[in-house]
Amino acid sequence: MIRLNRLNNTEILVNESFIEIAEEAPDTVVTMQNGHSFTVQETVNEIMARSRSAGTWARFAKLTRIKGSVILVNLSFLEMAEEVPDTVLITQNSHSYTVREKIEEIQERSENFRNGVFD
């Protein structure tokens, strides 16, 4: 579990394994696998670092949406990725996210996260 801070400085404890996506736009909105979401002070990079330190089993990839916002996607909840021509990610909850990265880059970032390399 990782500690995060809401915008009102309330500290919360989050099971990072259930984070589906975190998006900076410009505040960071964290959406859990069950659909609940909340806004936090931490950046995507800080959430990645805390998750890695916690030894999570989740496989995160830092990606860029078409409009330029940075997202952190938990690939453990990814059902499908397709290049059509942009890459569209579909989660188990049928949420879809269109990103700039190609499928090969997403797979590489997942492996990098597991090895402690954040990009």
Side-chain angles (χ1 to χ4, degrees):
M1 307 252 320
I2 60 173
R3 292 175 187 244
L4 299 175
N5 295 285
R6 292 183 184 260
L7 294 182
N8 67 1
N9 291 323
T10 303
E11 186 176 66
I12 58 176
L13 195 59
V14 176
N15 186 333
E16 74 280 0
S17 298
F18 292 109
I19 294 174
E20 180 175 297
I21 186 171
E23 180 172 12
E24 288 181 27
D27 293 326
T28 304
V29 177
V30 176
T31 302
M32 304 301 284
Q33 196 272 336
N34 65 5
H36 294 141
S37 64
F38 45 89
T39 306
V40 297
Q41 297 175 10
E42 289 76 13
T43 66
V44 164
N45 285 339
E46 291 170 320
I47 294 170
M48 285 180 75
R50 290 178 189 184
S51 295
R52 179 68 178 145
S53 294
T56 181
W57 59 266
R59 293 177 301 135
F60 288 110
K62 184 175 138 185
L63 305 171
T64 306
R65 294 190 74 163
I66 295 298
K67 294 182 180 180
S69 61
V70 176
I71 61 175
L72 179 65
V73 178
N74 186 338
L75 300 179
S76 299
F77 297 121
L78 188 64
E79 188 173 288
M80 183 180 86
E82 181 177 21
E83 292 178 30
V84 287
D86 296 321
T87 304
V88 177
L89 308 176
I90 308 290
T91 67
Q92 292 174 346
N93 289 327
S94 298
H95 298 140
S96 68
Y97 306 97
T98 305
V99 297
R100 294 181 179 171
E101 292 79 6
K102 300 293 183 196
I103 289 174
E104 293 81 18
E105 292 175 81
I106 295 168
Q107 186 173 15
E108 180 181 329
R109 290 182 188 194
S110 172
E111 293 302 317
N112 286 347
F113 180 82
R114 190 181 328 216
N115 296 324
V117 178
F118 306 136
D119 52 357

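The analysis underlying the following values was restricted to heavy atoms, covering all of them including side chains, and did not include hydrogens, waters or symmetry mates.
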For residues 72-81, which residue pairs qualify under salt bridge (Lys or Arg N to Asp or Glu O under 4.0 Å), counting only residues two or more places apart or in two chains?
none
Any luck finding a side-chain donor-acceptor pair between Asn93 and His95 under 3.5 Å?
no
Tell me, please, which residues at least two apart from Arg3 pass salt bridge (Lys or Arg N to Asp or Glu O under 4.0 Å).
Glu11
Close side-chain approach of Ile47 to Glu42, heavy-atom, < 4.5 Å:
yes
If every non-hydrogen atom of Ser96 is compared with every non-hydrogen atom of Val88, which pair is closest and at what distance?
CB-CG1, 4.3 Å
Can a donor-acceptor pair be found between the side chains of Glu23 and Ser69 at a distance below 3.5 Å?
yes
Interatomic distance, CZ@Arg65 vs CG@Asp86, rounded to 0.5 Å, equals 12.0 Å
Kindly compute the distance separating NZ (Lys62) from CD (Glu101), expressed to the nearest 0.5 Å.
10.0 Å
Considering all heavy atoms of both residues, which atom of Val44 and which atom of Val70 are nearest to each other, and what is their separation?
CG2-O, 4.1 Å
If the condition is side chain to side chain contact (heavy atoms under 4.5 Å, CB included), which residues does Glu82 pass it with, not counting sequence neighbours?
Met80, Val84
If I compare all heavy atoms of Val14 with all of Ile12, which pair ends up nearest, and what's the gap?
CG2-CD1, 3.9 Å
Between OG1 on residue Thr91 and CG on residue Asn74, distance to nearest 0.5 Å
10.5 Å
If I take atom CZ from residue Phe77 and atom CE from residue Met32, how far apart are they, to the nearest 0.5 angstrom?
8.0 Å
Say whether Thr43 and Asn45, considering side chains only, have a donor N or O and an acceptor N or O under 3.5 Å apart.
no
So do Leu72 and Ile19 actually touch side chain to side chain, heavy atoms under 4.5 Å?
no
Taken to the nearest 0.5 Å, the spacing of Leu4 CG from Thr39 OG1 works out to 11.5 Å
Side chain to side chain, Arg50 and Glu16, heavy atoms closer than 4.5 Å:
no
